[in-house]
Amino acid sequence: QVQLVESGGGSVQAGGSLRLSCAASGRTFSSYAMAWFRQAPGKEREFVAAINWSGSSTYYADSVKGRFTISRDNAKNTMYLQMNSLKPEDTAAYYCAAGPQPYTRPSKYDYWGQGTQVTVSS
């Protein structure tokens, strides 16, 4: 069992930066692949980025590639999402998830956080 808690969301102007954190409980954090998803009002939850258990492999949606960086610190049971050059279209609730592999489909993940809101104004 893994419990996930996101933090770091907020309101920024376009071009700004934010760093999201996802803190995990339990001793098995390092055995899970982790991912970030986001969901805007009226839209489906979409893949943002994923990372394998060791952090050696990362995957990004085309819409965030080159602007966002996913990372993890297994000693701290924490995953991060550094978001730079934010755009208004990045506005959404951001969720972290844990699963067996770094999939891009939300249905493949077993555990979810409660979400943190990111709002980017133009």
Side-chain angles (χ1 to χ4, degrees):
Q1 194 86 7
V2 177
Q3 292 186 324
L4 304 173
V5 179
E6 303 97 334
S7 61
S11 297
V12 296
Q13 291 190 328
S17 298
L18 283 173
R19 187 175 84 152
L20 305 183
S21 297
C22 174
S25 65
R27 300 180 180 179
T28 58
F29 173 76
S30 61
S31 67
Y32 287 95
M34 300 293 295
W36 290 98
F37 289 82
R38 66 187 182 187
Q39 188 167 19
K43 295 188 176 181
E44 292 187 353
R45 191 164 296 191
E46 66 171 355
F47 171 75
V48 175
I51 189 167
N52 71 339
W53 68 273
S54 67
S56 62
S57 297
T58 57
Y59 309 86
Y60 297 94
D62 288 343
S63 59
V64 306
K65 201 171 294 183
R67 300 188 297 122
F68 291 11
T69 302
I70 189 171
S71 62
R72 66 189 297 163
D73 185 339
N74 287 343
K76 295 183 178 180
N77 280 10
T78 303
M79 175 182 64
Y80 306 98
L81 185 68
Q82 178 66 44
M83 305 186 294
N84 298 329
S85 302
L86 283 161
K87 304 176 181 179
E89 50 264 44
D90 294 318
T91 295
Y94 283 71
Y95 298 87
C96 65
Q101 296 292 339
Y103 299 114
T104 61
R105 292 170 58 185
S107 62
K108 295 290 190 178
Y109 287 84
D110 303 311
Y111 303 103
W112 290 85
Q114 83 290 347
T116 186
Q117 180 67 35
V118 172
T119 303
V120 185
S121 58
S122 57

Atom CE of Met34 and atom OG1 of Thr58: how far apart are they, to the nearest 0.5 Å?
14.5 Å
Going by ring pair (Phe, Tyr, Trp, His ring centres under 6.0 Å), name the residues that satisfy it together with Tyr60, two or more places apart in sequence or in a different chain.
none
Does a side-chain heavy-atom distance below 4.5 Å link Val5 with Ser25?
no
Name the residue from Thr69, Leu20, Ile51, Asp73 that meets the side chain to side chain contact (heavy atoms under 4.5 Å, CB included) definition with Tyr80.
Asp73
Shortest non-hydrogen contact between Gln101 and Ala33, atoms and distance:
C-CB, 3.2 Å
Any chain of hydrophobic side-chain contacts (each under 4.5 Å) joining Phe37 to Tyr94?
no
Side-chain donor/acceptor pairs under 3.5 Å, residues 6-17, sequence neighbours excluded:
from: Glu6; atom 1: OE1; to: Gln114; atom 2: N; distance (Å): 2.9
from: Glu6; atom 1: OE1; to: Gln114; atom 2: NE2; distance (Å): 3.4
from: Glu6; atom 1: OE1; to: Gly115; atom 2: N; distance (Å): 2.8
from: Glu6; atom 1: OE2; to: Cys96; atom 2: N; distance (Å): 2.9
from: Glu6; atom 1: OE2; to: Gly115; atom 2: N; distance (Å): 3.2
from: Ser17; atom 1: OG; to: Asn84; atom 2: OD1; distance (Å): 2.9

Could you go step by step and tell me if Glu46 and Gln39 meet the side chain to side chain contact (heavy atoms under 4.5 Å, CB included) rule?
CA-CA 6 Å; Glu46 66 171 355; Gln39 188 167 19; over 6 Å; no
Yes or no on side chain to side chain contact (heavy atoms under 4.5 Å, CB included) for Phe68 and Leu18, after CA distance, side-chain angles and deciding distance?
CA-CA 10 Å; Phe68 291 11; Leu18 283 173; over 6 Å; no
Kindly give the heavy-atom pair with the smallest separation between Gly113 and Tyr95, and that separation in Å.
O-CD2, 3.6 Å
Can you confirm whether more than 12 heavy atoms, excluding those of Gln3, are under 6.0 Å from its CD atom?
no
So does Lys76 get a backbone contact from the side chain of Thr78, meaning a donor-acceptor N/O pair under 3.5 Å?
yes
Using 4.0 Å as the upper bound for N to carboxylate O, is an ion pair formed by Lys87 and Asp90?
no
Applying a strict under-4.5 Å side-chain criterion to I, L, V, M, F, W and Y, I'd like to know whether Leu4 and Val118 cluster together.
yes
Is there a donor-acceptor pair under 3.5 Å between the side chain of Tyr109 and the backbone N or O of Tyr103?
yes
Between Tyr32 and Tyr111, how do the two ring planes meet: parallel, tilted or perpendicular, split at 30° and 60°?
perpendicular
Heavy atoms only: give me the nearest Thr104-Phe47 pair and the separation to one decimal.
O-CB, 3.3 Å
Between Asn74 (side chain) and Trp53 (backbone), is there a donor-acceptor pair under 3.5 Å?
yes
With a 4.5 Å cut-off on side-chain heavy atoms, are Met79 and Trp36 touching?
yes
With Phe29, which residues qualify under ring pair (Phe, Tyr, Trp, His ring centres under 6.0 Å), at least two apart?
none
For Arg38 and Ala92, indicate whether the former's side chain and the latter's backbone hold a donor-acceptor pair under 3.5 Å.
no
Rounded distance [0.5 Å steps], OG in Ser54 versus CZ in Arg72
8.0 Å
Do you know which two heavy atoms are closest between Thr119 and Gln117, and how far apart they sit?
OG1-NE2, 3.5 Å
Whether over 12 other heavy atoms sit under 6.0 Å from Trp112 CH2:
yes
